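For reference, the structure is listed below as structure tokens.
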Amino acid sequence: MPELPEVETIRLGLRSHLEGRRLEDLEVFSARAVRRVSDLADLLSLAGRRIDEVARRGKFLWLVLDGAPRALVLHLGMSGQLLVHAEPPSDLPRHTAVVLHLDRGTVLFVDQRTFGHLDAVPLVPTPDGRPGGAGTTRPVMPATVAHIGRDPLDPSLDLPAVAGRMHRTTSAVKRVLLDQRYVSGIGNIYADETLWHARVHPERPAATLSVGELEGLVRTAGEVMAEAVRVGGTSFDALYVDTMGQAGYFARQLRAYGRTGQPCGRCGTLIERHVIGGRSSHLCPRCQRSMRVPSPITDN
DNA sequence: CGGGCCCTGGAT
DNA sequence: ATCCAGGGCCCG
């Protein structure tokens, strides 16, 4: 469920509670949550290390541990939560998958739909020698994150190069925005929001947009997601909450996602829901009829 | 490349 | 009973 703004909100919460703390112990309750770990011993061997950094690229989080060759990678999937408690709770919430015991405090990984996971992953160099993501100064990233691109909020993102690669695919532009290999962090909500702001139809082949237009689209995605981070992400039910269990406020600023049948904020035409590639897309059939050059988020 | 699948639970 | 949900991977 969480996209970049929700994961970033969680990262900021984790950072304030975890950096400098020691990971005393891990308790694993769900085999699925660690299914990618080739050796459970690798994960358990992280116990005892100090947490130096809480890093993120796209929707992936990782903890950089003092002197450890592996990072603790966390992905929340569709429904994962990371909840920080001062003391271990006397009874664990339903779907608690993993508990991290710190020298001060406890982190619960709770995951109803079990698409999330934790993993102990070796750190590998970034090809461009720049920091691996938000929250780290080191030019490394977990090997399992290396296949995804930098995200729109990453100052090291090579925007012209990414837009150039997007321009070389005939796939629908929404699918390209969702493809984490180009630019990471965008999910179904923010893809729909980005396309609404840019007035681009989701099924338009990416190759029919110019490189400059695609750059504008990625910039727009960054603007929308930065604003969402500012207000703590999007919550429409209890599933997305920050590390303190609090909801975010971006739902009230959504212009397309989940607004089927409600008037477009620009032209009043009713927002439609289309099923594209098995997932729903929300769009204004008038504003997003054809191509218009991406406009700033302030254009409404 | 699109399509199906991995899950649980809430809404209709 | 059926559909839907914020992700990602693997398949053909």
Side-chain angles (χ1 to χ4, degrees), chain A residues 1-11 29-36 56-61 73-82 93-97 109-119 121 142-149 151 165-166 168-196 202-207 221 224-225 228-229 231-242 247-261 273-282:
Chain A
M1 70 178 209
E3 306 181 32
L4 185 155
E6 294 75 40
V7 178
E8 176 64 4
T9 300
I10 288 166
R11 186 185 73 80
F29 296 96
S30 157
R32 265 184 71 79
V34 295
R35 67 191 181 284
R36 300 182 53 173
R56 179 192 57 75
R57 177 186 291 211
K59 305 167 194 169
F60 283 85
L61 290 168
V73 171
L74 305 145
H75 195 287
L76 302 175
M78 291 280 270
S79 57
Q81 304 174 335
L82 288 166
R94 194 159 158 72
H95 301 120
T96 298
F109 175 56
V110 181
D111 188 13
Q112 177 193 104
R113 290 178 68 188
T114 73
F115 292 162
H117 68 269
L118 309 208
D119 206 349
V121 182
T144 52
V145 178
H147 68 291
I148 73 165
D151 60 63
R165 289 206 296 129
M166 288 176 153
R168 274 176 248 127
T169 175
T170 55
S171 290
V173 65
K174 178 169 174 181
R175 190 179 171 92
V176 175
L177 284 178
L178 291 173
D179 188 332
Q180 308 292 301
R181 291 173 302 179
Y182 296 95
V183 170
S184 63
I186 304 172
N188 209 32
I189 296 177
Y190 297 101
D192 282 0
E193 292 304 294
T194 297
L195 292 165
W196 181 89
E203 290 184 286
R204 184 164 165 169
V224 173
M225 293 196 293
V229 171
V231 297
T234 300
S235 303
F236 19 74
D237 54 33
L239 233 38
Y240 169 69
V241 288
D242 67 14
Y249 293 94
F250 196 70
R252 62 179 68 168
Q253 295 185 52
L254 294 176
R255 306 297 225 119
Y257 188 88
R259 301 197 69 242
T260 310
R273 174 178 171 274
H274 296 198
V275 176
I276 302 173
R279 311 188 69 181
S280 40
S281 284
H282 309 77

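Chain identifiers are assigned alphabetically (A, B, ...) following the order of the sequence lines, protein sequences preceding nucleic acid strands; residue numbering begins at 1 within each chain. Model, not experiment: these values are computed from the prediction.
Atom CG in A:Asp179 sits roughly 14 Å away from atom P in C:dC10 (whole-Å rounding). For the pair A:Phe115 CZ and C:dC4 C1', the computed distance is 12 Å after rounding to whole Å. Between A:Met78 atom CE and C:dC9 atom C1' there is a gap of 14 Å when expressed in whole angstrom units. The nearest whole Å value for the distance from the CZ atom in A:Phe60 to the P atom in C:dG8 is 6 Å. For A:Tyr240 and B:dG10, the OH to P distance is 20 Å, given to the nearest whole Å.
At least one side-chain heavy atom of A:Ser280 sits less than 4.5 Å from a side-chain heavy atom of A:Asn188.
A salt bridge does not link A:Asp151 to A:Lys59: none of the charged side-chain nitrogens sits closer than 4.0 Å to a carboxylate oxygen.
Checking C:dG6, C:dA5, B:dC1 against every side-chain atom of A:Glu3, the shortest atom distance belongs to C:dG6. The listed nucleotides are C:dG6, B:dC1, C:dG8; the one nearest the side chain of A:Arg175 is B:dC1. Considering only the side chain of A:Arg273, C:dA5 comes nearest among B:dG2, C:dA5, C:dG7.
Counting any heavy atom pair closer than 4.0 Å across all strands shown, A:His147 reaches sugar-phosphate atoms only and no base atom. The residue A:Gly278 sits apart from the nucleic acid: no heavy atom pair falls under 4.0 Å. Among the heavy atoms of the strands lying under 4.0 Å from A:Arg94 are primed sugar atoms or P, OP1, OP2 only; no base atom is included. A:Tyr190 comes within 4.0 angstrom of nothing in the nucleic acid, heavy atoms only.
With both ends at atom P, the span from B:dC1 to C:dG6 equals 23 Å, rounded to whole Å. One C1' atom belongs to C:dA1, the other to B:dC6, and the distance between them is 22 Å to the nearest Å. On the P atoms, C:dC11 is 16 Å away from B:dC7, given to the nearest whole Å. Look at the C1' atom in both C:dC9 and B:dG9: the space between them is 23 Å, to the nearest Å.
Checked options A:Ile10, A:Leu74, A:Val145, A:Val7; the residue passing with A:Arg56 is A:Val7 (criterion: side-chain contact (heavy atoms from CB on, under 4.5 Å)).
At most 12 non-hydrogen atoms from other residues, nucleotides or ligands lie less than 6.0 angstrom from OH of A:Tyr249.
One finds no side-chain N or O of A:Lys59 lying less than 4.0 angstrom from the OP1 or OP2 phosphate oxygen of C:dG6.
Judged by closest nucleotide on DNA chain C, A:Arg113 is the one of A:Thr144 and A:Arg113 placed further toward the 5' end. Toward the 5' end of DNA chain B, the nearer of the two residues A:Arg32 and A:His95, judged by each one's closest nucleotide, is A:Arg32. Both A:Asn188 and A:Ile148 sit near DNA chain C, but only A:Asn188 has its closest nucleotide nearer the 5' end.
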* From CA spacing to verdict: side chain to side chain donor-acceptor pair (under 3.5 Å), A:Tyr240, A:Glu3 -> CA-CA 10 Å; A:Tyr240 169 69; A:Glu3 306 181 32; over 6 Å; no
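Pairing of C:dG6, defined by two Watson-Crick or G-U wobble distances under 3.5 Å, is not identified with any nucleotide.
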